[in-house]
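Notes for the one structure printed next.
All chains are named by letter (A, B, ...) in the order of the sequence lines, taking the proteins before the strands, and each is independently numbered beginning at 1.
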There are 2 protein chains.
Amino acid sequence: MITFATTKTPMFEFENKKTTCPDCKDKSCAAAILSREELEMINFNSHESVVKKGEIILHEGSLTSHIIYLKSGLAKEFVKPTPESEQILSIVKEHTYLGLSSLFGDRINHYSYSALEDVKVCYIDIAVFINLVRKNGNFAYEILVSVSRDSLNNFHRFINQLHKKIYGRVADGILYFSRIIYENTTFSLPMSRQEFADLIGVSRESATRVLIKFKDEGIINIKGHLIEINKVELLEQISRKG
Amino acid sequence: MITFATTKTPMFEFENKKTTCPDCKDKSCAAAILSREELEMINFNSHESVVKKGEIILHEGSLTSHIIYLKSGLAKEFVKPTPESEQILSIVKEHTYLGLSSLFGDRINHYSYSALEDVKVCYIDIAVFINLVRKNGNFAYEILVSVSRDSLNNFHRFINQLHKKIYGRVADGILYFSRIIYENTTFSLPMSRQEFADLIGVSRESATRVLIKFKDEGIINIKGHLIEINKVELLEQISRKG
DNA sequence: AATAAATTGTGATATATATCACATATTGTC
DNA sequence: GACAATATGTGATATATATCACAATTTATT
């Protein structure tokens, strides 16, 4: 059996865990197929924590010491191409591992993650995690499915982004929150206009202009962060056209 | 042990294999750790073929029946956002599996692949491949490493593309072929100007203008498809600046 | 509740690149 | 080798969006 480098101690203190891994109701699909013994092993080598809105969960460039599981809440995955600009790659929902591709890629975190609202995370020792992958092919298969689906989803969004003009991008962004994140035509945008612009790859002023135009045209209603889609089909058409 | 749906018969005839899998000198890193028995099992359930330049290896939208291994040559991975436009996502070198993320994602091919020159490919039955993943955690781990690294590499290119202007994109494109594909400052671009433009996400005329400008400024030499980089540091600076 | 800081929305202007048209060069087919 | 088809390079023009400046609004802090 292969073992790995010792894990690094996180810099901040953990809250005591309220639920053990075997009894956890927020397991990932992959974890759900693990045996009780395997879950106990994870339980013994992991910690749960609450991260407050706006706080960094994982830094780009840092060494992966733990695999981080987003138990509840929303986070944003982003990079800073320059010190004063930020590009948001995707929004991460609950029941998702953060940085899997970085872990298996080269052990360095390629993206940063921060909490968009107060979130619960579990830090799982990577030696234990990797050992489970190597020993349990079915578990490895489920992790492969996760990494693959994340990759496909994010690629599709990037491909769309690359060939669409600003109206299509704004429409895509709105539909992303409606369809993928909240599964509702009414939702509260969990970020500033600047962050929304960073997600869809346009300037803040341009994003605001188009949002206001969609509002003036009755396609959506806006009240601060609250967004309500009135004309779904029209928005989808704008999304398709680009 | 779990087994999967029967594989579909490929539409075209295979050439007889010249080398068995255990004796193959072009194995992937993952395949290199398989036992002789496991390699014999793959050998028994796979075929080798030559695909000519310009021919499609795998169609977007098709159902995955085989995992395809690029034994030698170059291919391009692309999508067609509209019937008359094409976006090249990446260039695939030899010793790479095609469409791994689609296989593990949802069994439908999300991208198309075509040969940029005559290539050799092996078609491996996916039931056998997936069975090996489930049974051999170390093999699964290596496949995870492959999928993760592909994902990281392609994401980085997309992130760069999204925030760079045209000069940075052309510089990136040239350096991509020099550093990643050919590992040489002199190489023959294995595609038309239109395809190069499709890879970096600009119009054909704009790509040509910048290439000619780089040539006029002595940064590169161009002779048809042949490109020679004269000022690597300057090109890298342009690449960084975007 | 007052105040400071940050965010948002708007107007004006600058600029980067796409698009269009077309001549020339290169490649493929017979 | 001749000819057709495709690719390339260039000039002119259109257009989309970024940038800048700043007033108004909202949020955070005390």
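- Using a 4.0 Å cut-off between charged nitrogen and carboxylate oxygen, A:R157 and A:D172 do not count as a salt-bridge pair.
- Salt bridge A:E60/A:K80: absent, no basic N to carboxylate O contact under 4.0 Å.
- Across all strands shown, A:E205 has heavy atoms under 4.0 Å from base atoms, whether or not it also approaches the sugar-phosphate.
- Put simply, NZ on B:K53 is 13 Å from C1' on D:dT6, counting in whole angstrom units.
- Taking the nucleotide of DNA chain C with the nearest heavy atom to each of A:K165 and A:E195, the more 5' of the two is matched to A:E195.
- Look at CZ on B:R193: it is 11 Å from P on D:dT10, rounded to the nearest Å.
- We find that A:E86 and A:K76 are joined by a salt bridge, their nearest charged nitrogen and carboxylate oxygen being less than 4.0 Å apart.
- Whole-Å rounding puts the B:K215 NZ to D:dT10 C1' distance at 13 Å.
- Ionic pairing of A:R149 and B:D106 is not present here: no N-O contact between side-chain nitrogen and carboxylate oxygen is shorter than 4.0 angstrom.
- Put simply, CD on B:Q194 is 17 Å from P on C:dT27, counting in whole angstrom units.
- Contact annotation for B:S192: backbone-only contact, meaning every heavy-atom pair under 4.0 Å involves sugar-phosphate atoms and none involves a base.
- If A:Y167 and A:R204 are placed on DNA chain D by their nearest nucleotide, the residue sitting closer to the 5' end is A:Y167.
- The distance between atom NZ of B:K223 and atom P of C:dA25, rounded to the nearest whole Å, is 15 Å.
- Across the protein-nucleic acid pair, B:M191 atom CE and D:dT8 atom P stand 11 Å apart, rounded to whole Å.
- Considering only the side chain of A:T208, C:dG9 comes nearest among D:dT17, D:dT19, C:dG9.
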